Number of protein chains: 2
Amino acid sequence: MARAGLTADRLTQAAAELADEVGFENVTVSALARHFGVKDASLYSHIRNAHDLRVRLAVLALAELADQVAEAIAGRSGKDALVAFAAAYRRYAHEHPGRYAATQMALDPDTAATSAAGKHAEMTRAILRGYDLWEPDQTDAVRLLHSTFHGYVSLERAGAFHSHPRGVEASWTRALDALDTVLRSWPA
Amino acid sequence: MARAGLTADRLTQAAAELADEVGFENVTVSALARHFGVKDASLYSHIRNAHDLRVRLAVLALAELADQVAEAIAGRSGKDALVAFAAAYRRYAHEHPGRYAATQMALDPDTAATSAAGKHAEMTRAILRGYDLWEPDQTDAVRLLHSTFHGYVSLERAGAFHSHPRGVEASWTRALDALDTVLRSWPA
DNA sequence: ATAATTTGCCTAGGACCTCTAGGTAAGCCT
DNA sequence: AGGCTTACCTAGAGGTCCTAGGCAAATTAT
């Protein structure tokens, strides 16, 4: 019998594709083993357990998201950067729903620090260079931006905005205008 | 043998308590059966399946959340209402993490309409009476508020803010100040 | 008060997922 | 070619979800 050539990285990559197809909560060890045509038990030499697999997936997704966002805001500042950041963030969530769901996993502090979760916050901070904000206002603003972006795409995906005809896209644009206003005139 | 006296409502109520203890994703038919000292199969005359159980739990949580928020903003308006709304929303999420997680379930449009999900949006709209906003700005603002509140408590629970020493409470207060500013000077 | 009906909970069992222990064989190194 | 590492296997235990069919307790009718 030829071997499938599994590694932790290949498993994680396949898990990411699987997540986008069938949803993050349906990423199982069995499904992944099926995809590679091997038995479930064979995966346990590469990953510790199902939770470990999901954590690896989360770390992968966080890194991808951080990369896309970094590319989007490169060379921009102020509202330009804000809009580009938001667009990249939301686009990633839409194109990779399973991966995006993975980024919301509760990671233990160690993993979070090692992974790109920190890079993500740093990225958000880069946006603020175009605005006149300093600590601790900067941290407050980062948290507000992150919350709003995550909250919006999360509710959007949950279908919370379907009850009203007003375009989701239009509201999003207005939200960004509002955030820009807030950042320019941050209350002292 | 004496009967346990199960009903769909009692199961849902117990599921809610279970969710707050062990997390929404660990609310299983088996665990619930164990709690009542009956066999798994016995629950299926009251609920259709595991998904149905979780939907009922979500509807319960949405109703409770709407009630608490409604009580909080009663007799207030403007920033007073905004702050009270936010506090009630966040407090519910903290005191009932499992139930709150349930409110984020993707409900099919029918269920969402029947449940208190609509009431929730209506509630948010009530806040805006103190500000000078009309359609479609009102809908945009409702979505922004909802996103920010949900995003903040969601990230807070995921531990996204632990990496930085700045107090989570302080940032929250500043976020509310910022939202108040935005609502008072909504960009035309 | 007893008979008829409903229904709450049961046993039995299949399908799927998670994970461990221990075995075989494929591929690399000398 | 022989030896070592390791990728993948079989076997099996335990958990969750759910269906089918049965008995007995509670409710209603007589």
Side-chain angles (χ1 to χ4, degrees), chain A residues 1-60 97-99 101-102 105-108 111, chain B residues 1-60 98-99 101-102 104-108 111:
Chain A
M1 280 298 279
R3 297 193 184 186
L6 304 185
T7 65
D9 281 350
R10 286 196 61 196
L11 287 178
T12 308
Q13 189 61 43
E17 287 158 22
L18 189 61
D20 289 337
E21 283 166 26
V22 302
F24 178 62
E25 73 283 2
N26 293 321
V27 173
T28 88
V29 177
S30 311
L32 202 54
R34 256 193 311 277
H35 175 263
F36 282 103
V38 301
K39 299 293 171 182
D40 306 14
S42 305
L43 302 197
Y44 288 89
S45 25
H46 305 284
I47 55 167
R48 275 219 310 284
N49 49 41
H51 181 254
D52 177 47
L53 173 65
R54 296 194 181 100
V55 168
R56 286 167 187 272
L57 173 48
V59 171
L60 169 75
R99 285 160 154 99
M105 263 196 69
L107 300 178
D108 63 294
T111 316
Chain B
M1 281 296 282
R3 296 192 185 186
L6 304 185
T7 64
D9 281 351
R10 286 195 60 195
L11 287 177
T12 308
Q13 189 61 45
E17 288 157 22
L18 189 61
D20 289 337
E21 283 167 26
V22 302
F24 178 61
E25 73 282 3
N26 294 320
V27 172
T28 87
V29 177
S30 311
L32 202 54
R34 258 193 308 278
H35 176 262
F36 282 103
V38 302
K39 300 292 173 184
D40 306 14
S42 305
L43 303 197
Y44 288 89
S45 24
H46 304 285
I47 55 167
R48 275 218 311 282
N49 49 40
H51 181 253
D52 177 47
L53 173 65
R54 296 194 182 101
V55 169
R56 286 169 188 270
L57 173 48
V59 171
L60 169 76
R99 285 160 154 100
Q104 297 311 314
M105 263 195 71
L107 299 178
D108 64 293
T111 317

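Both backbone and side-chain heavy atoms feed into the values below; hydrogens, waters and symmetry mates do not. Source: prediction; values computed, not measured. Per chain, numbering begins at 1; letters A, B, ... match sequence-line order.
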So CG of Leu11(A) and NE2 of His46(A): to nearest 0.5 Å the spacing works out to 6.0 Å
With sequence neighbours left out, what residues match Ala41(A) under side chain to side chain contact (heavy atoms under 4.5 Å, CB included)?
none
Think Ser42(B) has a side-chain N or O under 4.0 angstrom from the OP1 or OP2 of dG8(C)?
no
Contacts of Asp9(A) that satisfy side chain to side chain contact (heavy atoms under 4.5 Å, CB included) - sequence neighbours left out
Thr7(A)
Expressed as a whole number of angstroms, how long is the span from Asn49(B):CG to dT19(D):P?
7 Å
In which stems does DNA chain C show up, taking only runs of three or more Watson-Crick or G-U wobble pairs whose two distances fall under 3.5 Å?
C:1-26 with D:5-30
Round to a whole Å and report the spacing from CD1 of Ile47(B) to C1' of dT19(D).
14 Å
With Arg56(A) via salt bridge (charged side-chain N to carboxylate O under 4.0 Å, His left out) - residues at least two apart
Asp52(A)
dT19(D) C1' sits how many Å from Arg48(B) CZ, rounded?
15 Å
Could you write out each protein N or O paired with an N or O of nucleotides 13-17 of chain C at a distance under 3.5 Å?
{"residue": "dC17(C)", "atom": "OP1", "partner": "Arg34(A)", "partner atom": "NH2", "Å": "3.2"}
{"residue": "dC17(C)", "atom": "OP2", "partner": "Arg34(A)", "partner atom": "NH1", "Å": "3.1"}

Check every atom of dC10(C), dC17(D), dT10(D) against the side chain of Tyr44(B) and return the nucleotide holding the closest atom.
dC17(D)
Kindly state which residues belonging to residues 8-27 of chain A come within less than 4.0 angstrom of DNA chain C, counting heavy atoms of the residue only, listed by number.
none
Nucleotide dG8(C), atom P - distance to CG of Leu32(B) in whole Å:
16 Å
Could you work out which one of dT19(D), dC9(D), dC9(C) sits closest to the side chain of His46(B)?
dC9(C)
Which atom pairs, one a donor and one an acceptor, fall under 3.5 Å between side chains of residues 23-34 of chain B and the rest of the protein, sequence neighbours left out?
{"residue": "Asn26(B)", "atom": "ND2", "partner": "Val22(B)", "partner atom": "O", "Å": "2.8"}
{"residue": "Thr28(B)", "atom": "OG1", "partner": "Ser30(B)", "partner atom": "N", "Å": "3.2"}
{"residue": "Thr28(B)", "atom": "OG1", "partner": "Ala31(B)", "partner atom": "N", "Å": "2.9"}
{"residue": "Ser30(B)", "atom": "OG", "partner": "Asp40(B)", "partner atom": "OD2", "Å": "3.2"}

From the list dC9(C), dC10(C), dC17(D), which nucleotide is the closest neighbour of the side chain of Leu6(B)?
dC9(C)
Suppose the criterion is side chain to side chain donor-acceptor pair (under 3.5 Å): which pairs have a residue in residues 13-24 of chain A, not counting sequence neighbours?
Asp20(A)-His96(A), Asp20(A)-Arg99(A)
Mind calculating the distance between CG (Leu53(A)) and P (dC19(C)) to the nearest angstrom?
10 Å
